[in-house]
Amino acid sequence: QQPDIRQYTGEHCALNTLVDSWNVFLRNSTADDCINKLVALARVRLNFDLNMTVLAFTTGLSGIFGINIGQSANCLFVSNIAYGGPVASANNRSLGGGLAASDCILTVVNTRFLRNDADAGGNHQSWGGGLYTIGGTNIIRNCLFAFNRSCPNTKNSGLGGGLFINSGTWVENCTVISNQTRNPDINQSGDGIYQNGGSITNTIVYFNENILSNTVNNIRIANAAAIGYSCAPNLTHGVNGNITNDPLFEALLNGDGVLKVASPCRNAGLIQSWMVGATDLAGRPRILNGAPDIGALEIPPPAGTLIIVR
């Protein structure tokens, strides 16, 4: 089949027209209030670009599902829903309320996933409230995941309130806070991140919850050795550079991920090669004081401080 290439630019992008489309490019666009229109999800290839907002978009069994996605930077995925439908089935799952990626070469940097929902009212299994990845090579870097949900209303099988990741996914310098799951297994829900594979580095995963049992399993850990220099209460303090202390947010309820100056995450991250010349989620240099902070945001210097970037 010949590609159907559609270029969407500007302030509004009517994603409800993308049924049976291939190689759809979204640039500086807003997908706004598109309800149950993306039908043939497996036949849609979305190529994300810079400065895109995807807002209030409802799909079928998967979120905005990409095949061969390129790079997403400085984007916002907010209030999207992967709706599982009203009929229960063991073979149907809602994957990635904000974004689902299968066998992709995907890089997502400096992007916010806020208030997305895997299965808001359906009866299926729900995996990855903000993001779901499987297969391929996926880099998730300097991103914020807050107030996402993997909470099926009538089936207790939510996994990964913020993210559900598999092998081939690297989560680096992200902040995953205030996400929710609904699951009777309090040790397997992964209220912030469900690690079925992949690695987690320099990442805060805190204050996520399982609303069914009022318990907390911030990270469902499949491979502890692949989690380093991160902050979560169910890690082992001092192993692989991990810490378990409260990260000390300025205003947790805001969900913006800003840390206090006294945060134990300050200068506690691992220096990585990609950080040279890179910025954090707010556009500040990724390394401000000799070592990176854990999380998506560097703690800003006091007012009047002169920063010289070489």
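Start at 1 with the first residue, then count along the sequence.
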Sub-4.5 Å side-chain heavy-atom contact between Pro292 and Ile271: yes
Set out, in order, the CA-CA distance, both residues' side-chain angles and the distance that settles side chain to side chain donor-acceptor pair (under 3.5 Å) for Thr133 and Thr169, then state yes or no. CA-CA 7 Å; Thr133 64; Thr169 296; 2.7 Å; yes
Measuring from atom CG of Leu159 to atom CG of Leu95, what distance do you get when rounded to the nearest 0.5 angstrom? 10.5 Å
Output all residues satisfying side chain to side chain contact (heavy atoms under 4.5 Å, CB included) with Thr236, sequence neighbours left out; order by chain, then residue number. Val239
Going from CD1 on Ile227 to CG on Asn240, what distance comes out if it is rounded to the nearest 0.5 angstrom? 8.5 Å
Applying the side-chain contact (heavy atoms from CB on, under 4.5 Å) test to Leu163, which of Leu131, Leu99, Val205 qualifies? Leu131
Backbone N/O of Gly168 and side chain of Thr137: donor-acceptor pair under 3.5 Å: no
Trace of the side chain to side chain donor-acceptor pair (under 3.5 Å) decision for Asn116 with Asn148: CA-CA 5 Å; Asn116 300 289; Asn148 301 288; 3.1 Å; yes
Enumerate the ring-ring contact (aromatic ring centres under 6.0 Å, His included) contacts for residues 227-255, please, sequence neighbours excluded, ordered by first and then second residue. none
Going by side chain to side chain contact (heavy atoms under 4.5 Å, CB included), name the residues that satisfy it together with Arg220, two or more places apart in sequence or in a different chain. Gln188, Tyr194, Asn196, Asn217, Ala222
Indicate yes or no for a side-chain donor-acceptor contact from Asp256 to the backbone of Leu253 under 3.5 Å, with no hydrogens or angles considered. no
Verify, without hydrogens or angle tests, whether Thr111 (side chain) and Val109 (backbone) share a donor-acceptor contact under 3.5 angstrom. yes
Taking the side chain from Asn183 and the backbone from Gly158, do they hold a donor-acceptor pair closer than 3.5 Å? yes
Test side chain to side chain donor-acceptor pair (under 3.5 Å), reference Arg286, set Asp280, Asn142, Thr279, output is Asn142
Determine the interplanar angle of the Phe164 and Tyr132 rings, folded into 0 to 90°, and report it as parallel if under 30°, tilted if 30 to 60°, perpendicular if over 60°. tilted
Under the criterion side-chain contact (heavy atoms from CB on, under 4.5 Å), which of Ile140, Ile177, Val171 is the partner of Phe145? Ile140
Would you confirm whether Gln195, through its side chain, and Asn223, through its main-chain N or O, come within 3.5 Å as a donor-acceptor pair? yes
So that I can tick it off, tell me whether Arg141 and Glu172 are bridged by a salt bridge, with the cut-off set at under 4.0 angstrom between side-chain N and carboxylate O. yes
Determine whether Val216 and Asn208 make a side-chain contact, defined as any pair of heavy atoms from C-beta on separated by less than 4.5 Å. no
So do Leu297 and Arg284 actually touch side chain to side chain, heavy atoms under 4.5 Å? yes
Main chain of Ser230, side chain of Asn242: is a donor-acceptor contact present, judged purely on distance under 3.5 Å? yes
